[in-house]
Amino acid sequence: MSFPLLTATAALPAVGAIATAAVPAARRTAAKWLALLVALATLALAIVILVRFDPGGARYQMTESHAWIRDFGVRYELGVDGIGVALVALTALLMPFVILAGWHDADPLETGSRRWRPTQGFFALILAVEAMVIISFEATDVFVFYIFFEAMLIPMYFLIGGFGDRAHEHGEAAASTQRSYAAVKFLLYNLVGGLIMLAAVIGLYVVAGNFSLPEIVQARANGSLHMATSTERWLFLGFFFAFAVKAPLWPLHTWLPNAMGEATAPVAVLITAVVDKVGTFAMLRFCLQLFPEASKWATPVILVLALISIIYGALLAVGQRDIKRLVAYASISHFGFIILGIFAMTSQGQSGATLYMVNHGISTAALMLVAGFLISRRGSRLIADYGGVQKVAPVLAGTFLIGGLATLSLPGLAPFVSEFLVLVGTFTRYPVVGIIATLGIVLAALYTLVLYQRTMTGPVKPEVSAMPDLRVRELVVVAPLIVLLIFLGVYPKPVTDIVNPAVKQTMSDVHKKDPKPEVEAAK
């Protein structure tokens with residue numbers, strides 16, 4: 001039997017989480033280093049998966065399959081296609097930076113407070129989330145996927161509610177109340193989505209007799225499994241609702257600004273750059289493959305919801321006073337682009353959507369982590385409390401600018417390529433939708449440049465006059481992300497070569513072909 005590489009990639013951070021939590025209370029620094037080493041080892045395994053993956057080979061590679069709950073047809077089945085392997089690599093890549101950026105976020109509170117923050121628990125929970133997200137990207141058994149799709153809510157709940165941002169304009173008591181509210185709202189929204197999905201998962205088993213994604217797709221393709229139109233549509237809606245909450249898609253998005261605003265910056269990155277990607281990934285893997293006809297039936301409504309997310313998220317970002325909530329609303333707009341690309345039902349749109357998941361993860365991580373470093377220095381999330389930072393901390397301001405320019409999809413930075421592909425892919429099939437979506441780009445330029453102008457330029461405010469520039473640890477966090485943004489902006493081919501074959505297979509599953517270009521015949 002070959003080495004179970006996929007299981008090892010998920011099991012390593014899970015075991016690391018247990019080991020980190022078991023470190024004695026007085027050995028906080030040891031717990032941090034252990035968590036970082038585990039994250040780096042997981043990244044090494046993800047790189048091995050990436051190298052071993054053959055884009056021209058079988059659809060699901062490095063597969064594992066073992067009987068689990070025989071009476072209910074549940075098998076422990078793992079496998080990665082091009083989309084899954086790209087997102088496993090993204091998750092493993094970001095985790096060391098998340099841990100380094102949060103190095104002091106769970107240290108004991110300031111002198112004068114009797115309350116302590118359990119450092120070991122903070123880093124153990126981060127590793128637990130990594131393990132569950134990775135196995136979600138690898139699972140090809142619907143029931144296995146569902147278990148970890150739901151289980152990741154538990155560590156995220158404690159990360160949001162127990163280790164929130166210390167910078168709050170109304171003091172620690174108000175901050176604690178807001179953290180609790182944000183954590184409960186996150187949990188309730190996602191639990192409701194998960195419960196509806198559970199009903200759909202049970203319904204799928206009743207219809208198909210098993211939970212294996214490849215077997216169900218194959219049975220539908222060869223005609224041995226037939227779903228009534230109404231049944232397929234109800235099952236699709238059950239799955240899609242849960243994924244739309246996680247994504248988050250308007251109007252199921254309202255938990256995200258609260259969660260990102262109250263969480264520490266590294267946990268906010270974990271939410272939007274890692275956990276939320278499970279929702280959009282699952283739309284591609286499960287909604288389109290299991291329910292192709294229902295996906296096409298729901299496409300007009302989903303495109304409208306995606307458009308609303310794009311415009312609504314961007315408009316609210318323009319009016320934000322809070323830096324972190326601005327990034328949260330910008331992410332809602334970006335997820336609208338991703339979902340737009342998925343349901344445009346073109347190869348350019350879906351390739352762009354997958355590339356957007358990767359690029360958005362990197363760009364949002366860069367912007368949010370630098371914003372976190374900025375907030376930790378000033379002790380405030382309010383934009384109005386800053387001004388002239390570029391004169392006292394030019395490196396911090398420069399990296400903040402690059403992260404912001406990536407957020408508005410400036411040509412030459414990674415998100416531009418993915419956003420361009422999404423818009424081209426949408427325009428070829430739905431030109432009106434594509435035209436309206438471009439308004440999101442204009443609004444992105446507005447909220448990003450206004451944010452930079454109000455925080456970094458102008459007279460130096462007395463409260464920031466002694467602000468230190470980025471330290472070595474912070475540069476180690478930000479510099480690789482900036483390099484990746486530039487590299488993938490100039491040369492996205494390594495990612496597109498991996499994801500394009502999987503996108504073509506997904507297009508085949510839904511029986512869609514790209515529209516032929518309308519070219520006037522030469523006279």
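Quick caveat: nothing in here was measured; it's all calculated off a predicted structure.
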Set of residues satisfying salt bridge (charged side-chain N to carboxylate O under 4.0 Å, His left out) with respect to K277, sequence neighbours excluded: none
Straight-line distance of I271 CD1 to W255 CH2, nearest 0.5 Å: 6.5 Å
Rounded distance (nearest 0.5 Å) linking atom CZ of F97 with atom CG of L94: 7.5 Å
ring-ring contact (aromatic ring centres under 6.0 Å, His included) contacts in which one or both residues fall within residues 444-474, not counting sequence neighbours: none
Indicate whether any N or O donor in one side chain lies under 3.5 Å from an N or O acceptor in the other, for [X] and [Y].
X    : Y    : value
Y329 : Q320 : no
Y312 : S333 : no
S331 : T272 : yes

K185 bridged to E262 by N-O distance under 4.0 Å: no
S136 vs Y146 side-chain heavy atoms within contact, under 4.5 Å: no
CA sep, side-chain torsions, deciding dist, call: M260, M368, side chain to side chain contact (heavy atoms under 4.5 Å, CB included): CA-CA 10 Å; M260 287 185 64; M368 180 58 83; 3.4 Å; yes
Distance-minimising heavy-atom pair for F373 and V478: CE1-CG2, 3.7 Å
Name of the residue among V433, V432, T438, L439 meeting side-chain contact (heavy atoms from CB on, under 4.5 Å) with I436: V432
Geometric class of the F240/F236 ring pair [parallel <30°, tilted 30-60°, perpendicular >60°]: parallel
Check: F281 ring centre within less than 6.0 Å of F243 ring centre: no
Aromatic ring proximity, centroids under 6.0 angstrom, F335 and H360: yes
Test side chain to side chain contact (heavy atoms under 4.5 Å, CB included) applied to V499 and Q350, step by step: CA-CA 9 Å; V499 304; Q350 292 187 358; over 6 Å; no
